[in-house]
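Below: the structure, in structure tokens.
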Amino acid sequence: MNHTRKLPALMLPSLTCAACLLMLMSAGVSAQEIVDQWRYTLQAPGEKWSQADFDDSHWTEGFGGFGTRDTPGARVGTNWTTNNIWLRKAFTLDTIPAKPALLIHHDEDARVLINGQATADLKGFTQEYNVVPIAAEKLAALRVGKNVLAVHCRQTRGGQFIDVHVIDADRVPQLPAAKRNTKPFQSELITPWGAQVTPENAWTEYPRPQLVRADWENLNGSWDYAITAVDQDTPPQEWSGKILVPYCLESKLGGVQRLLEATEALWYRRVFQAEPATDQRTLLNFEAVDYRCQIFVNGQSVGAHQGGNTPFSCDISAAIRQGENELLVRVEDETEAWQLRGKQTLNARGIWYTQVSGIWQTVWLERVASTFIEDLKIATDAKTGTITVRPLVDGASGAGSVRIVVKDGDVQVAAASSHRDDDNNTTAATSHRYQPVSLAIQDAKLWSPDSPHLYGLEVTLLGANGEVLDQVTSYAGIRSVGKIRDEAGHWRMTLNGKTIFHWGPLDQGWWPDGLLTPPSDEAMLFDIEFLKAAGFNMIRKHIKVEPRRYYYHCDRLGMMVWQDHVSGGQSPKWTRLLPNPQDASWPDAEHAQFMLELERMINSLENHPSITVWVPFNEAWGQHRTMDVGQWVVKRDATRLVNIASGGNFWPVGDIVDAHQYPHPGFPFDQGEGGRFDAYIKVMGEFGGHGYPVNGHLWDANRDNWGYGGLPQNEAEYKQRYVTSLKMLNDLRAQGIVAGVYTQTTDVEGEINGLMTYDRRVIKIPAEELARLHAILFAGP
């Protein structure tokens with residue numbers, strides 16, 4: 001809503017908030033008691049809903065006011081994003097005020113009733129609280145003792161807010177800060193896999209498929225939790241209850257469903273058994289914790305981490321003892337400001353979703369030798385049929401060579417040894433690089449979506465006398481990603497030297513029961529298998545880093561991935577692909593954290609053959625220092641393509657120029673005047689988003705559920721819109737568009753534009769039918 005319009009006249013005389021404050025200052029009186037506890041409904045109630053004796057026990061409880069936080073002058077306790085809301089609250093009067101009035105802020109039209117009697121009808125919207133005297137003929141509605149205030153507010157577009165109090169106009173109170181509702185919206189939706197989750201089966205799979213070690217222990221399950229003030233740095237004396245790890249605080253599967261405030265800290269506690277050994281080390285691994293955390297074992301600090309999207313480890317060897325050990329995790333999460341948070345928000349609405357706080361991926365223990373293989377860096381070359389492996393070894397005591405064996409199934413096809421690369425190691429470092437070793441595979445089987453062949457790797461760290469110090473397994477897919485200019489002058493993507501059209505969905509990876517955490521590995525796999533069966537060969541993983549097993553499944557099933565960096569922070573004006581783009585201004589410290597989290601993401605995922613494109617920015621969200629970021633990514637990973645900003649703002653760096661248009665696809669070729677786009681691959685990075693509601697499978701049936709271009713009248717119209725978009729994308733292929741991304745895999749909260757419902761229980765278009773429709777995109781040149 002455009003809040004710059006002239007404030008509409010009220011039907012009743014009113015005083016502005018500034019006048020209220022002058023009255024309060026001159027009177028020198030204390031504030032009246034403010035009742036902020038309401039009951040509300042978003043569906044039209046019965047005709048006697050405003051009467052004092054109406055039974056509202058089935059209505060939802062919430063703190064006032066109600067609306068969206070970006071509405072001017074609003075003090076929001078409960079988010080309200082639908083067109084209508086009906087409210088009731090009880091308040092007590094010891095005496096009738098001398099000058100009864102309403103203290104009200106409304107956006108838009110509000111009808112106010114006291115004890116069932118109409119008291120005020122206010123049109124339009126305000127930008128602050130106003131004092132509206134109650135007309136003399138309405139005063140009879142007030143009574144000494146209990147009263148009921150009932151309000152209906154409706155809005156048509158933009159921001160919205162409603163809050164009302166009965167006051168004495170001669171004693172205008174100063175409203176306290178709103179009490180924020182600590183509960184997120186609690187949907188009844190649950191996936192088939194979520195319904196089967198227990199503390200015993202919560203994410204039991206090995207979490208790191210590209211560096212597998214036999215001796216590990218899963219710490220997922222029921223943990224104690226508590227919430228304290230953020231300035232409390234000592235463990236809580238009492239625990240609030242149990243939370244199911246690895247599901248976040250706000251999720252249904254976590255069992256708490258509580259919003260974490262910026263003024264609060266979230267604490268976790270559990271015990272584990274240990275048997276320390278002098279020749280071993282114990283590593284505590286976290287796959288992801290949102291956002292800032294400290295780790296304690298037996299009261300001793302063992303590590304800290306900032307960044308909510310990638311794995312990290314703590315060496316807890318010096319802190320553990322024989323038998324029972326106590327593990328504490330303290331978490332802070334402001335969600336917004338400069339944090340890289342993706343689609344999370346404090347005000348869930350539209351394309352922005354419920355916040356996620358705390359542990360949201362697997363926690364596990366790993367026992368290793370005092371000198372062990374910390375990581376492997378794997379690169380491949382389709383032209384030469386080679387796999388290049390560079391080990392990284394932690395510790396130096398007694399370390400010799402690293403033996404690498406490549407297997408095709410059970411058959412060994414290559415072997416070599418790597419030795420320490422002392423020219424690139426420092427004496428102070430605890431981790432040591434080994435020389436890269438290239439292993440040539442005879443008649444190599446290349447990785448592609450049609451034939452996702454993977455070679456197994458056995459990597460063994462040997463001691464100076466040939467004894468085995470450590471051993472891990474991994475895998476590699478031999479493939480090369482590139483680009484080539486065709487006869488018409490269009491740049492096209494290549495895989496293993498052959499052109500390939502990239503066709504995939506925008507995939508956000510949200511779940512109604514786990515939020516960012518898939519309910520299970522099987523559930524996560526279901527999405528990928530559906531998309532594969534539907535004829536997609538690529539997934540754009542949107543503003544989220546998935547558990548590492550997700551990429552393992554893409555590797556083995558043959559699904560290419562465009563990987564977005566997680567967004568956050570301040571944004572510039574979004575100018576899409578227009579010339580003279582803008583960048584936001586970021587402080588050095590916040591930019592450094594952005595780059596650190598980008599590097600961590602690439603470090604943890606770069607061995608996966610499925611990932612073909614990095615996407616640092618999306619639609620100018622948090623876009624800053626674009627040329628520096630793009631040049632860094634290009635240099636950091638020359639084996640993949642770089643899509644600097646999906647949907648713009650476009651800067652001349654990387655490999656791709658990417659346009660978004662809804663609902664049907666269209667590329668602004670005219671904006672490439674002067675050859676701006678000539679050196680870049682042209683893609684349709686987002687389009688579609690055709691909505692279709694499925695009753696009984698909506699996150700919130702009372703909200704404004706939506707899709708791009710409005711909702712169709714029926715299923716046939718929905719499918720026809722989809723077919724039309726496909727035909728338009730196919731026409732764009734002839735003009736040099738070499739990839740398309742359809743929004744989206746599933747419904748997400750209020751977005752009902754998925755190919756299946758949010759709970760994954762209803763497929764809107766069967767995979768077999770989609771595959772037939774998609775064949776048009778792979779026919780011909």
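Because the structure is a prediction, the values reported are computed rather than measured. We number each residue from 1, following the sequence as shown.
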Does [X] have its ring centroid less than 6.0 Å away from the ring centroid of [Y]?
X      : Y      : value
Phe66  : Tyr40  : yes
Trp510 : Tyr353 : yes
Trp59  : Phe54  : yes
His690 : His664 : yes
Tyr722 : Tyr742 : yes

* Asked: Just checking, Arg760 and Trp511: is the charged tip under 6.0 Å from the six-membered ring centre and within 45° of the axis?
  ->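 Ring-cation test returns yes.
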
Donor-acceptor contact present, side-chain [X] to main-chain [Y], <3.5 Å:
X      : Y      : value
Asn130 : Val132 : no
Lys89  : Val35  : yes
Glu336 : Leu346 : yes

Considering all heavy atoms, the nearest [X]-[Y] contact:
X      : Y      : result
Ser251 : Tyr247 : OG-CB, 3.5 Å
Leu142 : Pro100 : CD1-CB, 3.7 Å
Ala52  : Arg143 : CB-NH1, 4.3 Å
Arg721 : Gly710 : NH1-O, 2.6 Å
Gln117 : Ala141 : CB-CB, 3.7 Å
Ile227 : Ser240 : N-OG, 4.2 Å

* To do: Walk me through it: do Gln155 and Phe161 pass the test side-chain contact (heavy atoms from CB on, under 4.5 Å)?
  => CA-CA 9 Å; Gln155 68 92 37; Phe161 182 72; over 6 Å; no

* Step-by-step salt bridge (charged side-chain N to carboxylate O under 4.0 Å, His left out) determination, Glu264 to Arg258 -> CA-CA 12 Å; Glu264 297 174 325; Arg258 164 71 148 79; 2.9 Å; yes

State the [atom1]-[atom2] distance between [X] and [Y], to the nearest 0.5 angstrom.
X      : Y      : atom1 : atom2 : answer
Glu61  : Trp38  : CD    : CH2   : 14.0 Å
Asn201 : Trp193 : CG    : CH2   : 14.5 Å
Leu42  : Thr81  : CG    : OG1   : 8.0 Å
Ile162 : Asp107 : CD1   : CG    : 9.0 Å
His105 : Leu122 : NE2   : CG    : 12.5 Å

* Take His152 and Asn84, measure what side-chain contact (heavy atoms from CB on, under 4.5 Å) needs, and give me the verdict at the end. => CA-CA 7 Å; His152 173 213; Asn84 288 273; 2.8 Å; yes

I'd like to know if [X] and [Y] make a salt bridge, using a cut-off of under 4.0 Å between side-chain N and carboxylate O.
X      : Y      : value
Lys179 : Asp36  : no
Lys252 : Asp513 : no
Glu261 : Arg180 : yes

* Gln713, CD: over 12 other non-hydrogen atoms inside 6.0 angstrom ->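 Open: at most 12 neighbouring heavy atoms sit under 6.0 Å from CD of Gln713.
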
* **Enclosure of Glu717 CD (heavy-atom neighbours >12, cutoff 6.0 Å)** =>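 It does: Glu717 CD has more than 12 such atoms within range.
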
* **Trace of the side-chain hydrogen bond (donor to acceptor under 3.5 Å, both in side chains) decision for His165 with Asp163** => CA-CA 7 Å; His165 305 275; Asp163 192 24; 3.1 Å; yes

* Could you walk me through whether Glu108 and Arg157 pass salt bridge (charged side-chain N to carboxylate O under 4.0 Å, His left out), step by step? => CA-CA 9 Å; Glu108 298 166 14; Arg157 59 191 178 92; 5.8 Å; no

* List the steps, then state whether side-chain contact (heavy atoms from CB on, under 4.5 Å) holds for His542 with Glu686. => CA-CA 11 Å; His542 188 45; Glu686 288 183 29; 3.8 Å; yes

* To do: May I have the step-by-step check of side-chain hydrogen bond (donor to acceptor under 3.5 Å, both in side chains) for Gln508 and Lys544, ending in yes or no?
  => CA-CA 7 Å; Gln508 305 201 69; Lys544 177 192 178 185; over 6 Å; no

* To do: Evaluate the side-chain proximity of Asn147 to Leu93: yes if any heavy-atom separation is below 4.5 Å, no if none is.
  =>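 A side-chain contact exists here, since the closest heavy-atom pair is under 4.5 Å.
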
* Check the angle between the aromatic planes of Trp706 and Tyr708 and answer parallel, tilted or perpendicular using the 30° and 60° thresholds. =>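 If you compare the ring of Trp706 with that of Tyr708, the planes turn out perpendicular.
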
* Take Asp333 and Gln355, measure what side-chain hydrogen bond (donor to acceptor under 3.5 Å, both in side chains) needs, and give me the verdict at the end. => CA-CA 9 Å; Asp333 182 19; Gln355 67 189 74; 5.4 Å; no

* Please test Tyr129 against Ile104 for side-chain contact (heavy atoms from CB on, under 4.5 Å), starting from the C-alpha separation and ending with a verdict. => CA-CA 5 Å; Tyr129 283 84; Ile104 183 169; 5.9 Å; no

* Just one of Asp507, Thr745, Asp564, Thr743 clears the side-chain hydrogen bond (donor to acceptor under 3.5 Å, both in side chains) bar with Arg540, so which one? ->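 The residue from Asp507, Thr745, Asp564, Thr743 that satisfies side-chain hydrogen bond (donor to acceptor under 3.5 Å, both in side chains) with Arg540 turns out to be Asp564.
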
* Which of these passes side-chain contact (heavy atoms from CB on, under 4.5 Å) with Leu249: Val331, Leu260, Asp290? ->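 The single option meeting the side-chain contact (heavy atoms from CB on, under 4.5 Å) with Leu249 is Leu260.
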
